Amino acid sequence: MSRILTVAGAQLGPIAKAETRAEVVERLLVLMKEAKRHDADLIVYPELALTTFFPRWFMEDEAELDAYYETEMPSAETAPLFAEAKRLGMAFVLGYAERDGDKRFNTAILVENGEIVLKYRKVHLPGHAEHEPWRAFQHLEKRYFEVGNLGFPVTHAVGANVGLAICNDRRWPETYRVMGLQDVELIALGYNTPLHNPPAPVHDALGLHHNTLVMQSGAYQNATFVVGIAKCGVEEGVMQIGGSQIIAPSGETIAQATTLEDELIVARCDLDLCTSYKSSVFNFAAHRRPEAYDLITSRTGAIPPAKKA
Ligand code: ING
């Protein structure tokens with residue numbers, strides 16, 4: 001019996017600094033209702049989907065910074081999202097900034113039947129930890145978040161093996177492979193990706209290419225669907241790329257956003273399309289050679305070969 005999942009991606013346009021959580025949740029609900037009209041089983045929202053991408057600013061005032069984090073989930077402002085999803089019988093993925101005691105994480109959750117069934121905390125934190133005024137804008141994720149401490153968990157939900165990732169995670173093959181080794185069939189991830197990367201402006205023109213490259217590769221090499229959803233457009237003066245898309249285990253993009261605003265994309269995801277890859281070219285048990293891979297976990301930075309005397 002085939003397992004068809006109708007998956008929706010809810011790309012978000014800019015969220016202004018002044019926009020309240022209630023106003024943002026309204027936008028999320030509009031997209032959820034549209035997803036229902038497409039009979040979606042799951043809707044995926046971007047990274048940090050409740051606020052503007054605040055790591056672009058250096059803040060020293062703890063109270064100002066704390067205002068961007070959720071201390072409970074659901075909260076009063078997000079409860080309507082949980083309630084509507086339950087009423088519509090739709091699962092959802094939501095990215096947000098999480099306060100857990102004195103720890104702060106860049107977090108994503110999967111909610112099914114109104115309950116949180118999976119939580120992930122971003123492992124690969126890009127950017128820098130100190131104020132770097134030379135930059136046109138900051139990228140202070142290393143200052144404002146701890147490294148995620150939940151690993152890359154995969155759970156069985158919405159009839160599939162589902163895993164989560166967040167933004168920069170999508171650039172690292174290890175992210176997909178750790179979930180691939182848990183037989184993941186659908187990876188949902190959101191991102192806020194500035195077009196301009198101050199340390200490497202020569203990469204800017206390739207931003208959308210790199211975005212597609214890494215997600216298509218991760219999908220194909222691990223025989224999984226990948227749902228990559230942007231918060232994009234000019235947000236508080238910073239252009240963030242779009243390129244939201246849903247990718248099949250073949251590595252083919254099967255749904256693609258075409259704007260830099262709130263936009264729903266939808267795809268028919270036949271989970272059995274994973275099988276031909278998992279049973280042949282990416283039959284991990286038959287073909288992988290972990291004994292040759294030691295450096296991947298024992299070494300952090302690259303060490304070049306010794307030069308011949
Ligand atoms: N954003 C970016 C990302 O990895 C970045 C950081 C921007 C990296 C541009 C490289 C180039 O997509 C987040 N939030 O991780």
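Counting starts at 1 for both ligands and their atoms, following the listed order. This one's a predicted model, so the numbers in the text were calculated from it and none came from an experiment. Along the sequence shown, residues are numbered consecutively beginning with 1.
A 6.0 Å sphere centred on NZ of Lys119 holds more than 12 heavy atoms belonging to other residues, nucleotides or ligands. The number of heavy atoms from other shown groups lying within 6.0 Å of CD (Glu115) does not exceed 12. Heavy-atom neighbours of Trp57 CH2 from other residues, nucleotides or ligands within 6.0 Å: above the threshold of 12.
When heavy-atom distances to ligand 1 are checked against a 4.0 Å cut-off, His124 has no atom that comes that close, whether in backbone or side chain. Neither the backbone nor the side chain of His210 comes within contact range of ligand 1; no heavy atom lies under 4.0 Å. Using a 4.0 Å cut-off between heavy atoms, His203 makes no contact with ligand 1 at all. Within the 4.0 Å heavy-atom criterion, neither part of His196 lies near ligand 1. Heavy atoms of Phe53 found under 4.0 angstrom from ligand 1 belong exclusively to the side chain.
Once rounded to the nearest 0.5 Å, the distance linking CG of Asn222 with NZ of Lys278 reads 8.0 Å.
When hydrogens are left out, the protein atom nearest atom 8 (C) of ligand 1 is Arg171 NE, 3.6 Å; that is the closest non-hydrogen contact. Atom 13 (C) of ligand 1 has Cys167 SG, 2.7 Å as its closest protein atom, hydrogens excluded (heavy atom only). In terms of protein heavy atoms, atom 14 (N) of ligand 1 is closest to Glu141 OE2, 2.8 Å.
Against a heavy-atom cut-off of under 4.0 Å, Pro126 is close to the following atoms of ligand 1: 6 (C), 13 (C), 15 (O). If you number the atoms of ligand 1 from 1 as listed, the ones under 4.0 Å from a heavy atom of Arg170 come out as 3 (C), 12 (O). Numbered from 1 in the order shown, with element, the atoms of ligand 1 that lie under 4.0 Å from a heavy atom of Glu47 read 14 (N). Within ligand 1, the atoms closer than 4.0 Å to a non-hydrogen atom of Asn168 are 3 (C), 4 (O), 8 (C), 15 (O), numbered from 1 in the order shown.
Which of Asp169, Ile241, Asn192, Thr193 comes nearest to atom 1 (N) of ligand 1 through a heavy atom is settled by distance: it is Asn192. Across Arg56, Gln240, His139, heavy-atom proximity to atom 6 (C) of ligand 1 is greatest for His139.
For the pair Asn197 and ligand 1, the shortest N or O to N or O distance does not fall below 3.5 Å.
In this structure, a donor-acceptor pair under 3.5 Å is absent between the side chains of His128 and Glu130. For the residue pair Asn161 / Gln182, no side-chain donor-acceptor distance below 3.5 Å is found, with atom types taken as modelled.
The minimum heavy-atom distance linking Pro249 with Cys274 is given by the pair CG-SG, 3.6 Å. Considering every non-hydrogen atom in both Ile187 and Ala165, the closest pair reads CG2-CB, 4.3 Å.
No close placement of the Tyr96 and Tyr45 rings is indicated, their centers lying 6.0 Å or farther apart.
Annotation: ring-ring contact (aromatic ring centres under 6.0 Å, His included) contacts involving residues 71-94, sequence neighbours excluded, comprise Phe82-Phe92.
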